[in-house]
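Here, residue 1 is the first one in the sequence, and each next residue gets the next number.
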Amino acid sequence: VFKDTYSANTRKAYTQALKRFLAYLGDREADDATVAAFLEEEAERGLAPASLSLTHAAIGAATRFADADDPRGPLTARTLTALKRQHSSRGRGQVDGLRRNDVDAAARLAAAEGTMLGLRDAALLRLGSDAFLRISELAAVEVEHLKAGEDGSGSLRPPGSKTDQEGEGKTLYVCRATMAAI
């Protein structure tokens with residue numbers, strides 16, 4: 001349905017969200033009240049605000065591709081806002097990132113194991129932290145993507161990322177401690 005306009009992961013997520021919406025619809029007509037009720041049900045099922053927003057976007061994208069009237073309206077928008085607010089008031093939300101001293105401590109513990117796995121984990125923790133990499137980006141890094149600097153620091157040219165989908169490339173700083181761990 002979503003053609004090549006979106007990345008493969010976005011298409012997959014949109015398709016799954018749309019399947020849930022179509023199953024919910026059954027014989028009902030897709031209108032503002034129905035979409036709002038569906039989002040409420042999805043929230044009750046435990047979907048996080050980001051997933052609700054994705055579902056909302058998938059419904060809009062599907063109607064654009066079908067050249068149909070968008071069933072989302074002001075009620076849907078208010079409902080989505082309220083669901084996000086409710087979720088944040090319960091103290092659940094995006095997890096905070098690790099602070100540098102937490103990464104250093106975890107990397108020291110992993111390296112102290114003295115095993116290849118522990119050393120690998122220490123290097124990956126440090127590299128992911130230095131370069132602000134997502135797990136999928138970190139998993140794609142190979143030694144050839146790293147370049148050592150004269151002062152012991154280095155640089156990383158990751159093969160691709162969610163924020164660089166056209167593959168233009170970027171160079172990221174890697175500190176001396178991380179290069180030493182690698």
Holding to side-chain contact (heavy atoms from CB on, under 4.5 Å), I want the full list of residues that pass it with [X], two or more places apart in sequence or in another chain.
| X | result |
| --- | --- |
| E144 | E142 |
| L109 | none |
| T81 | R85 |
| I135 | none |

Which heavy atom of [X] sits nearest a heavy atom of [Y], and at what distance?
| X | Y | answer |
| --- | --- | --- |
| A107 | L125 | N-CD1, 3.9 Å |
| A122 | A110 | N-CB, 3.9 Å |
| L54 | A17 | CD2-CB, 4.1 Å |
| A140 | H145 | O-CE1, 3.5 Å |
| L83 | A43 | CD2-CB, 3.8 Å |
| E113 | G118 | OE1-CA, 3.7 Å |

Supply the atom-to-atom distance [X] [atom1] to [Y] [atom2], rounded to the nearest 0.5 angstrom.
| X | Y | atom1 | atom2 | value |
| --- | --- | --- | --- | --- |
| Y6 | F65 | OH | CZ | 5.0 Å |
| Q16 | R11 | CD | CZ | 13.0 Å |
| R120 | T115 | CZ | OG1 | 8.5 Å |
| F38 | H56 | CZ | NE2 | 12.0 Å |
| L75 | T79 | CG | OG1 | 4.0 Å |

Exercise. Using the side chain to side chain contact (heavy atoms under 4.5 Å, CB included) rule, take K84 and L52 through it: C-alpha gap first, then chi angles, then the decisive distance, then the call.
Key: CA-CA 9 Å; K84 288 177 180 181; L52 296 172; 5.9 Å; no
Practice problem: For residues 36-51, pull every pair meeting side-chain hydrogen bond (donor to acceptor under 3.5 Å, both in side chains), keeping only residues two or more places apart or in separate chains. | Solution: R20-E42, E42-R45
Quiz item: Going by the side-chain hydrogen bond (donor to acceptor under 3.5 Å, both in side chains) test, which pairs reach into residues 171-181, not counting sequence neighbours?
Solution: D130-T178, R157-T171
Practice problem: Report yes or no: does T63 contribute a side-chain atom to a donor-acceptor pair with the main-chain N or O of G60 at less than 3.5 Å? | Solution: yes
With sequence neighbours left out, what residues match [X] under side-chain hydrogen bond (donor to acceptor under 3.5 Å, both in side chains)?
| X | result |
| --- | --- |
| T34 | D31 |
| D121 | none |
| S155 | none |
| D151 | S153 |

Quiz item: Under a single-linkage rule joining Ile, Leu, Val, Met, Phe, Trp and Tyr whose side-chain heavy atoms are separated by less than 4.5 Å, which residues share a cluster with V174?
Solution: L124, L127, L133, L138, V141, L146, L156, L172, M179, I182
Quiz item: Are L18 and V35 connected, step by step, through hydrophobic side chains (Ile, Leu, Val, Met, Phe, Trp, Tyr) whose heavy atoms are closer than 4.5 Å?
Solution: yes
Quiz item: In this structure, which one of D70, T76, D69 forms a side chain to side chain donor-acceptor pair (under 3.5 Å) with R72?
Solution: D70
Quiz prompt | Which residues share a salt bridge (charged side-chain N to carboxylate O under 4.0 Å, His left out) with D102, sequence neighbours left out | solution = none
